[in-house]
Visitor: 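Dropping a structure here in structure tokens format, bear with me for questions.
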Amino acid sequence: MIRVLVADDQHVVRAGIAAILDAEPDLTVVGQAADGSEALALIAATAPDVAVLDIRMPRVDGLAAAAEIGARHPGTRVVVLTTFGLDEYVFAALRAGAAGFLLKDAEPERVVDAVRVVAAGEALLDPGVTGRLIQHFAAGPGPGAAQRLERLTPRETQVLTRLARGRSNAEIAADLGISPATVKDHVAVVLGKLGVRDRVQATIAAYETGLVRPGVV
């Protein structure tokens with residue numbers, strides 16, 4: 001079972017999302033919160049696999065909660081669900097550690113799918129924001145972005161490049177002529193040097209630094 005927590009300051013919305021998720025045979029809602037502070041307390045108590053967070057909530061908002069979850073509860077993955085598709089929310093949510101971003105007008109099946117995908121360690125973005133995200137990265141790296149890559153060895157840079165293009169560890173190993181276990185070790189080192197939590201944030205870093213560009217294979 002995938003254990004899920006739902007946080008939204010609107011009771012009807014929160015209850016509706018929880019009902020949709022709880023109706024699935026492989027999902028169970030272990031808690032509901034009205035704000036980020038309550039969500040953090042419940043996560044500490046219930047250790048859900050996935051937290052579905054609204055962005056705009058009182059006391060502690062979804063972005064601050066996502067960052068805190070990443071720092072204190074790395075076993076809990078975050079899906080941000082909001083009515084606001086503005087770019088700054090998307091980028092802030094991803095940088096805060098969210099692995100999924102959906103608008104509230106998404107179909108219920110999409111929300112269910114997002115929870116499953118994120119629980120499996122992957123990432124999912126609403127189609128409505130993916131295009132703008134790509135355009136943002138296509139504009140090129142900002143000043144000083146390349147400095148983030150200076151600590152990586154040539155081999156680690158090769159691994160990061162392939163990781164950011166969606167390659168699995170086995171595929172990276174085949175590309176580079178090394179073992180999957182060695183790739184796994186390299187990935188762990190890359191995450192540490194970049195100061196990121198997981199492969200999702202490493203991919204974002206690869207695009208933000210210009211190491212990988214949209215549309216280039």
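What you see is a predicted model; the values in this text were computed from it and never measured. Scope of the values below: all heavy atoms of this structure, side chains included, with no hydrogens, waters or symmetry mates.
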Visitor: Nearest 0.5 angstrom please: Asp113 CG to Glu107 CD, how far?
Guide: 12.5 Å
Visitor: Where do Leu40 and Ala65 come nearest, in terms of heavy atoms and distance?
Guide: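 For Leu40 versus Ala65, the nearest heavy atoms are CD2-O, 3.9 Å.
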Visitor: Residues in side-chain hydrogen bond (donor to acceptor under 3.5 Å, both in side chains) with Gln158, at least two apart?
Guide: Arg155
Visitor: Could you check whether any side-chain N or O of Arg3 sits under 3.5 Å from a backbone N or O of Thr46, counting only pairs where one atom can act as donor and the other as acceptor?
Guide: yes
Visitor: Applying salt bridge (charged side-chain N to carboxylate O under 4.0 Å, His left out), name anything that partners Asp22, two or more places apart in sequence or on another chain.
Guide: none
Visitor: Test of understanding: with salt bridge (charged side-chain N to carboxylate O under 4.0 Å, His left out), list the residues that count as partners of Arg72, not counting sequence neighbours.
Guide: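 With neighbours one apart ignored, the set is Glu68.
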Visitor: So do Val187 and Val159 actually touch side chain to side chain, heavy atoms under 4.5 Å?
Guide: yes
Visitor: Could you tell me whether Asp8 and Lys104 have a side-chain N and a carboxylate O separated by less than 4.0 Å?
Guide: yes
Visitor: If you take all heavy atoms of Ile172 and Arg167, which pair is closest and at what distance?
Guide: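 Closest approach of Ile172 to Arg167: CG1-CB, 3.6 Å.
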Visitor: Would you name the heavy atoms of Leu81 and Leu103 that are closest together and state the gap between them?
Guide: CD1-O, 3.7 Å
Visitor: Taking side chain to side chain contact (heavy atoms under 4.5 Å, CB included) as the definition, give me every residue that meets it alongside Val189, ordered by chain and number, with sequence neighbours left out.
Guide: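 Scan of Val189 (side chain to side chain contact (heavy atoms under 4.5 Å, CB included), adjacent residues dropped) gives Glu156, Lys193.
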Visitor: Return the minimal non-hydrogen interatomic distance between Ala170 and Pro180, and the atom names on each side.
Guide: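 Heavy atoms only, the tightest pair is CA-CG, 4.5 Å.
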Visitor: Under 3.5 Å, sequence neighbours excluded: what are the donor-acceptor pairs made by side chains of residues 57-64?
Guide:
unit_1	atom_1	unit_2	atom_2	d
Arg59	NE	Asp35	OD2	3.1
Arg59	NH2	Asp35	OD1	3.3
Arg59	NH2	Asp35	OD2	3.1
Asp61	OD1	Leu63	N	3.2
Asp61	OD1	Ala64	N	2.8

Visitor: Holding to salt bridge (charged side-chain N to carboxylate O under 4.0 Å, His left out), I want the full list of residues that pass it with Arg14, two or more places apart in sequence or in another chain.
Guide: none
Visitor: Please report the closest heavy-atom contact between Ala119 and Val50, naming both atoms and the distance.
Guide: CB-CG2, 3.7 Å
Visitor: Measure the CG-CD1 distance between Leu27 and Ile20 for me, rounded to the nearest 0.5 Å.
Guide: 11.5 Å
Visitor: State, to 0.1 Å, how close Ala173 and Ser179 come at their nearest heavy-atom pair, and which atoms those are.
Guide: CB-C, 3.8 Å
Visitor: Donor-acceptor pair, Glu171 side chain versus Ser168 backbone, under 3.5 Å?
Guide: yes
